[in-house]
J.: 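I have a structure I would like to understand better, so I am pasting it below and will then ask my questions one at a time.
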Amino acid sequence: MKIIIDCDPGHDDIMAIFSALAHPESIEILGYTTVCGNNLLDEVTNNLCNVLSYLNIKGIISKGAKKPLVYKPEPQPIAHGENGLGGPVFNECNVFPIEKHAIEFMYDSIVDNEKIIIFALGPLTNIAALIEKYPEVIDKIEKVIVMGGSIYRGNILEESEFNIYGDPHSAKIVFDSKLDIVLATLEVCDYCKLSHEIIDGYLNKSNLYKLTYEILNFYFEYSKRKGDDKSPVFDLAVTMYYLHPEIFEGKYAFVDVVLDGSKRGKTIINYNENGNVLVLDKADNDKFEKYFLEDLKLLDNMLKNQNSNQVKN
Ligand code: RIB
Ligand code: CA
């Protein structure tokens, strides 16, 4: 299946991308579109360029929205560091975004292909702009798998999750459309955790493992400070749902969004079997972690083979 990854990297965005890259047999990444979210657009775009460049991974990166539809950007330095990807320090970067805007890149990719799926790992600004400008693409988007929203709680406000809070107006446009949506809520992410101990020993391994250590070591700090021994890796739930839907549970609903006030970004879930949103609420955490560890191994072998072939040629 052809996939566009719309993201604001972000530690967990990168883990979602690693798992996707590990499965070229079922995921063909047409490109990455970036959106202002966890940090400003230039920062999150540079983070992705740096990661792909460091690992020598090819990919098209296209920059999208510089800000949410109505509100101002609100970078999240506590969770993600000053530049949105605290932890690793990169020297040089030889990957750059293309000139084409994300909306045009998405439109052209959708028109050129039979069907596509979008992984939405940040605020829904780009996707709302796409369907507002080109409503005819809605029928060609098989599904949008979104990390965002919650059933009853929050991580930025008491009842609001960050991606939907970041741009509630765009989220409303997307939920109100006829798009087929899967929603990886905060609640399902309680079952999408990685144990802090998994990264022990990663520093003595390959570049992929070293980078994973640096990214997750920083990311895990937030939960460690609360005394937890596992962290939810939110955006990874999206790739895992695509690869292993059988480990997830959920129910269909129509979803509304609170646009302002103390509940800005709260998702209101109206369960209905005819709803366009599959709201995920449970997953098998053991399998989630096991599959991620397997994906890292797969990607590591792929990168080793690719790099040794390049040396031979
Ligand atoms: O609430 C979790 C979301 O916000 C994830 O997409 C994560 O990357 C953060 O920015
Ligand atoms: Ca994200």
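From a predicted model like this one, the values you see are computed outputs, not experimental measurements. Whatever order the structure lists them in is the order used to number ligands and atoms, beginning at 1. As a basis for the values below, the full set of heavy atoms in this structure was taken, side chains included, without hydrogen atoms, waters or symmetry mates.
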J.: Determine yes or no for a side-chain-to-main-chain donor-acceptor pair under 3.5 angstrom, with Asn276 supplying the side chain and Ser177 the backbone.
T.: yes

J.: Measuring from non-hydrogen atoms of His11 to any atom of ligand 1, is the shortest distance under 4.0 Å?
T.: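 False for this residue.
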
J.: Hey, are Glu294 and Lys287 close enough for a salt bridge, meaning a charged N less than 4.0 Å from a carboxylate O?
T.: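 Between Lys287 and Glu294 there is no salt bridge, as every charged N stays at least 4.0 Å from the carboxylate O atoms.
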
J.: So that I can tick it off, tell me whether Asp228 and Lys193 are bridged by a salt bridge, with the cut-off set at under 4.0 angstrom between side-chain N and carboxylate O.
T.: no

J.: Near Glu161, which atoms of ligand 1 are under 4.0 Å from a heavy atom of that residue?
T.: 1 (O), 2 (C), 3 (C)

J.: Any Lys/Arg nitrogen of Lys263 or Glu159 sitting under 4.0 Å from an Asp/Glu carboxylate oxygen of the other?
T.: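 Glu159 and Lys263: salt-bridged.
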
J.: Quick one: which residue pairs count as a salt bridge (charged side-chain N to carboxylate O under 4.0 Å, His left out) with a foot in residues 28-42, not counting sequence neighbours?
T.: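 Applying salt bridge (charged side-chain N to carboxylate O under 4.0 Å, His left out) to every pair that reaches into residues 28-42, excluding sequence neighbours, yields Lys2-Glu28, Asp42-Lys63.
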
J.: Who passes salt bridge (Lys or Arg N to Asp or Glu O under 4.0 Å) against Asp300, sequence neighbours left out?
T.: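 Asp300: salt bridge (Lys or Arg N to Asp or Glu O under 4.0 Å) contacts with Lys304.
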
J.: What residue and atom, counting heavy atoms only, is the protein's closest point to atom 7 (C) of ligand 1, and at what distance?
T.: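 Looking only at protein heavy atoms, the one closest to atom 7 (C) of ligand 1 is Asp12 OD2, 3.1 Å.
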
J.: At a 4.0 Å threshold, what atoms of ligand 1 neighbour a non-hydrogen atom of Asp235?
T.: 5 (C), 6 (O), 7 (C), 8 (O)

J.: Could you name all protein N, O or S atoms found under 3.0 Å from the Ca ion (ligand 2)?
T.: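 Listed by chain and number, the nearby protein N, O or S atoms are Asp8 OD1, Asp13 OD1, Asp13 OD2, Leu121 O, Asp235 OD2.
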
J.: Within this structure, what is the CG-CG distance for the pair Asp167 and Leu69, rounded to the nearest 0.5 Å?
T.: 5.5 Å

J.: Once salt bridge (charged side-chain N to carboxylate O under 4.0 Å, His left out) is applied, what residue pairs with a partner in residues 65-81 remain, sequence neighbours excluded?
T.: Glu74-Arg264

J.: Would you mind listing which atoms of ligand 1 come within a distance below 4.0 Å of any non-hydrogen atom of Asn163?
T.: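 Once the distances to Asn163 are compared, the set is 3 (C), 4 (O), 5 (C), 6 (O).
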
J.: For Met147 and ligand 1, answer yes if some heavy atom of the residue is under 4.0 Å from a ligand atom, otherwise no.
T.: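 The answer is yes: ligand 1 sits under 4.0 Å from a heavy atom of Met147.
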
J.: If you count the atoms of ligand 1 from 1 in the order shown, which ones are under 4.0 Å from a heavy atom of Asn38?
T.: 10 (O)

J.: Look at atom 10 (O) of ligand 1 and say which protein heavy atom is nearest, naming residue and atom and giving the distance to 0.1 Å.
T.: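 Closest protein heavy atom to atom 10 (O) of ligand 1: His80 NE2, 3.3 Å.
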
J.: So for ligand 1, is Leu121 a polar contact partner (N or O within less than 3.5 Å, distance only)?
T.: yes

J.: Using a strict cut-off of 4.0 Å, indicate which atoms of ligand 1 neighbour a heavy atom of Asp13.
T.: 8 (O)

J.: Closer than 4.0 angstrom, basic N to acidic O: yes or no for Lys210 and Glu214?
T.: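 A salt bridge is absent here (no side-chain N lies under 4.0 Å from a carboxylate O).
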
